[in-house]
Amino acid sequence: MKLRTAIVWLSLLATLATVGCVRVRPWEREVLARPDMAWAPDPIESSQLSHIFFSKEAALQPGEAGGGGCGCN
């Protein structure tokens, strides 16, 4: 009985994993590749926000050096 339940769950999981895959048509890629759809559409603003988080909140992105919360580094 446990084997049958495991098979049912695995087949359900496999079905759900394949449902999410979708092919993007060539004419749809232009819309999806717009600059404002990027993670950081404005690199200057992203740099400024990173500095604010670094100096004021001591929240660092991976790979950056540590610093205090006073902003004096």
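Bear in mind that the values here come from a model prediction, so they are computed numbers and not experimental data.
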Option from L13, I7, L12 for which side-chain contact (heavy atoms from CB on, under 4.5 Å) with W9 holds: L12

L16 atom CG: more than 12 heavy-atom contacts under 6.0 Å: yes

Donor-acceptor contact present, side-chain S46 to main-chain D42, <3.5 Å: no

